Amino acid sequence: DQQVKQNSPSLSVQEGRISILNCDYTNSMFDYFLWYKKYPAEGPTFLISISSIKDKNEDGRFTVFLNKSAKHLSLHIVPSQPGDSAVYFCAASALWTGTASKLTFGTGTRLQVTL
Amino acid sequence: NAGVTQTPKFQVLKTGQSMTLQCAQDMNHNSMYWYRQDPGMGLRLIYYSASEGTTDKGEVPNGYNVSRLNKREFSLRLESAAPSQTSVYFCAIQTTGTYEQYFGPGTRLTVT
């Protein structure tokens, strides 16, 4: 049972345009969401996150939107740059023990930014 | 990935062999994690450790053991490797007081 879903395996966007990556989740207990970027042969890199008490978080060219009623979040990259070409993973967390949280990851979306 | 190191980077095992993947951090955080990444599956949690001396199972713990002997190191052991354990393994740490996890560079393991 995939609790975090990224239904688009790949996305191609022209440089300078907006990239929109989508993520859906089914577990209503998730209360924190994160996006990671991954280049080949490297570990995932934390990009941006959002708490369930917010509906938007912005960091430079990256904005994450959360729609709790739809159990949907999206990552917007504006403007897209060739260096943004990577696999993007959405992750969600529900368990907080005070020191550890368990992340559930989506399957990833490969973004290609073309010239 | 600064601050989280993993060894080895690559490993090829025969079915039934054992090995230990090592992870170390230099950032003094409490929580450490082991994930595996397979094509089309995203990252799946194998085991995690909320603090020194404690470990807990994640989503896919079967076939693995872990050891958190000190705050700095968290190792993952395959006692009898199987082809289904061919994967890329990532260690991660969680910054204290946040949900954010930071990953090491990974170990690519092939079991033949």
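Per chain, numbering begins at 1; letters A, B, ... match sequence-line order. Note that the structure is a prediction, hence the values are computed from the model and not measured. In what follows, every heavy atom counts, from backbone to side chain, and hydrogens, waters and symmetry copies are set aside.
- Proximity to chain A is limited to the side chain of B/L45, based on heavy atoms less than 4.5 angstrom apart.
- Rounded to the nearest 0.5 Å, atoms CZ (B/R44) and OG1 (A/T104) are 12.0 Å apart.
- By the rule that hydrophobic residues join a cluster once side-chain heavy atoms approach within less than 4.5 Å of another member, A/V87 and A/V13 end up as members of separate clusters.
- Cluster membership for A/V4 and A/F65, using ILVMFWY side-chain heavy atoms within less than 4.5 angstrom, is not shared.
- Side-chain contact between B/Y35 and A/L103 is present, with at least one heavy-atom pair separated by less than 4.5 Å.
- Note: the hydrophobic cluster containing A/F62 does not contain A/I20 (ILVMFWY, side chain heavy atoms under 4.5 Å, direct or indirect links).
- Atom CZ of A/R17 has 12 or fewer heavy atoms from other residues, nucleotides or ligands within 6.0 Å.
- Atoms OH and OG, from B/Y48 and A/S101 in turn, are 9.5 Å apart once rounded to the nearest 0.5 Å.
- Looking at A/A91, there are no atoms closer than 4.5 Å to chain B (heavy atoms on both sides), in backbone or side chain.
- B/V4 and B/F74 end up in the same hydrophobic cluster when Ile, Leu, Val, Met, Phe, Trp and Tyr side chains are linked at under 4.5 Å.
- Counting all heavy atoms, side chain and backbone alike, B/L43 lies closest to A/P44 at CD2-CG, 4.0 Å.
- Under the 4.5 Å side-chain heavy-atom criterion for grouping Ile, Leu, Val, Met, Phe, Trp and Tyr, A/F105 is not connected to A/Y25 through any hydrophobic cluster.
- Remark: the backbone N or O of B/Q101 is paired with a side-chain donor or acceptor of A/Y36 at under 3.5 angstrom.
- Only the side chain of B/Q37 comes within less than 4.5 Å of a heavy atom of chain A; its backbone N, CA, C and O stay farther away.
- From A/E42, atom CD reaches atom CZ of B/F103 across 13.5 Å, with rounding to the nearest 0.5 Å.
- Side-chain contact between B/F90 and A/K38 is present, with at least one heavy-atom pair separated by less than 4.5 Å.
- Between A/Y32 and B/Y99, the ring-plane angle classifies as parallel under the 30° and 60° cut-offs.
- Without hydrogens or angle criteria, B/E100 side chain to A/F46 main chain gives no donor-acceptor distance under 3.5 Å.
- The local environment of NZ in B/K71 is crowded, with over 12 non-hydrogen atoms from other residues, nucleotides or ligands closer than 6.0 Å.
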